Amino acid sequence: AAKEAGRNTYQYYSQDALAKIQRKLEIEHALLGAIEREEFTLAYQPLMHAENDQPPAIEALLRWHRPGIGYCSPAEFIPIAEKCGEIVRIGDWVLAEACRQAAAWDAAGLEFDRVAVNVSAVQLRDRGFAERVIDICHAHGWPPQRLELELTESALIRDTDVLRHCFDVLERHGVPLAVDDFGTGFSNLHYLNRFPVGRLKIDRSFVQGMLHDAGTAEVTQAIVHLGHALGMKVVAEGVETEQEEAMLRRQGCDEIQGYLYSRPLAPRDLALWLKQGLQTPPRESYVAVTQS
Ligand code: C2E
Ligand code: MG
Ligand code: MG
Ligand code: MG
């Protein structure tokens, strides 16, 4: 009987692994041409100032709705797009769309500080990336100084000529850089001095743990101190409760982002909220563009 159970278990896992591979292949296949089929959209989530009512910054988050199949989360498809290289084209689309939208909102008189776009390590390594970023800004009439790129620590651990050139170009044009999910990578911190990083985004996992665990609260406080000592701003992401917000403010965090203020919203809904001067928080009637 034990042998029997063992064999079944083995079969179960191998089928499971097979299904996962099949799903990855299917996603990879579906990613090709997704831009042309106009299956991508951007959702926008504000980053609020912790200290005053200055206009918020806005982060663009990629959304993929496949007709007949539905929503697929970026956490699932971005790694696949990175592996097959399609992320370079998709990333260019994201940059262009975010700049186009930001310029349109600005022209309509909406007030916000900057638009932030997530950029993967694979995009940074692509030769000519920085030049394309600047070209895209110019093409859409959006100032590079108001386009922030959010990078992960893993994108910054290796100091290559391509990367150095990339950051030189971006710095020359004043493109702000943020380190996303800060604290989750296992890199040394040399890159903070080597590259022109202006902002640290404390990873959501620390924010989620800080009320329940004194050690985690020490970590967020240490990140705020570290960032400020290096002349950077510090942002907390994934803030869901007023208690978390209060503690982060006490710790000196500069900007707060999370469901507490707003989920990622469809462009229309974010514009409406900005227009109302952020008076009322987004309500139920707003279409949240999150998981299906
Ligand atoms: P991220 O850049 O760290 O974005 C934060 C993620 O947390 C987003 O998930 C957002 O919807 C979610 N979030 C925001 N506030 C809260 C909160 O209060 N509570 C909780 N539980 N979650 C919150 P999303 O949109 O599914 O994106 C996941 C990740 O996919 C992003 O993490 C980013 O790394 C990546 N991603 C998204 N769009 C792009 C893109 O255009 N390019 C690249 N390369 N990566 C992207
Ligand atoms: Mg981000
Ligand atoms: Mg993040
Ligand atoms: Mg994160």
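Values reported hereafter were calculated over all heavy atoms of this structure, with side chains retained and with hydrogens, waters and symmetry mates removed. Whatever order the structure lists ligands and atoms in, that order sets their numbers, starting from 1. All residue numbers in this chain count up from 1 along the given sequence. Everything numeric here is computed off the predicted structure, so don't read it as measured data.
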Below 3.5 angstrom, do we get any N/O pair linking [X] and ligand 1?
X	answer
Val94	no
Ser73	no
Tyr71	no

Residue selection (non-hydrogen contact nearest [atom]) among [options]:
atom	options	result
atom 35 (C) of ligand 1	Pro264, Ala98, Pro74	Pro74
atom 20 (C) of ligand 1	Glu240, Lys201, Arg263, Glu97	Glu240
atom 31 (C) of ligand 1	Leu42, Leu149, Leu61	Leu61

Inset, instruction - Only counting residues at least two apart or in another chain, list the ones meeting side-chain contact (heavy atoms from CB on, under 4.5 Å) with Glu36. - result: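 Checked Glu36 against side-chain contact (heavy atoms from CB on, under 4.5 Å); matches are Arg89.
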
Ignoring hydrogens and geometry beyond distance, is a side-chain donor-acceptor pair present between [X] and [Y] at under 3.5 Å?
X	Y	answer
His140	Glu97	no
Thr220	Gln251	yes
His228	Asp254	yes
Glu59	Asn118	yes

Solution key, residues 170-178 side-chain donor-acceptor pairs under 3.5 Å, sequence neighbours excluded:
residue	atom	partner	partner atom	Å
His173	ND1	Val169	O	3.0

[X] neighbourhood, listing ligand 1 atoms whose heavy-atom distance to it stays under 4.0 Å:
X	answer
Asp180	1 (P), 2 (O), 3 (O)
Gly258	15 (N), 18 (O)
Gln45	14 (C), 15 (N)
Gly238	16 (C), 17 (C), 18 (O)

Legend entry - Glu86 side-chain N/O to Ala81 backbone N/O, donor-acceptor pair under 3.5 Å: no

Legend entry - Side-chain donor/acceptor of Asp181 to backbone N/O of Thr184, under 3.5 Å: no

Inset, instruction - Supply the members, apart from Ile21, of the Ile/Leu/Val/Met/Phe/Trp/Tyr cluster built from side-chain contacts under 4.5 Å; use none for a lone residue. - result: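 Hydrophobic cluster check, Ile21: joined to Leu25.
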
Inset, instruction - Take the angle between the ring planes of Phe195 and Phe167 and call it parallel below 30°, perpendicular above 60°, tilted in between. - result: tilted

Inset, instruction - Report the relative orientation of the aromatic rings in Trp93 and Phe40; use parallel for angles under 30°, tilted for 30 to 60°, perpendicular for over 60°. - result: tilted

Residue portion contacting ligand 1 (non-hydrogen atoms closer than 4.0 Å) for [X]:
X	value
Ser120	both
Ile78	side chain
Arg63	side chain
Asp181	side chain
Glu237	side chain

Inset, instruction - Take every heavy atom of Glu82, measure it against each atom of ligand 1, and state whether any distance is under 4.0 Å. - result: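 False for this residue.
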
Inset, instruction - Using a strict cut-off of less than 4.0 Å between a Lys/Arg side-chain nitrogen and an Asp/Glu carboxylate oxygen, indicate whether Arg114 and Glu148 qualify as a salt bridge. - result: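 Yes, Arg114 and Glu148 are salt-bridged.
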
Inset, instruction - May I ask you to check if Arg146 and Phe112 form a cation-pi contact, with NZ or CZ under 6.0 angstrom from the six-membered ring centre and within 45° of the axis? - result: yes

Legend entry - Within-2.8 Å protein N/O/S contacts of the Mg ion (ligand 2):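 Sorted hits: Glu59 OE2, Asn118 OD1, Glu150 OE1, Asp180 OD2.
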
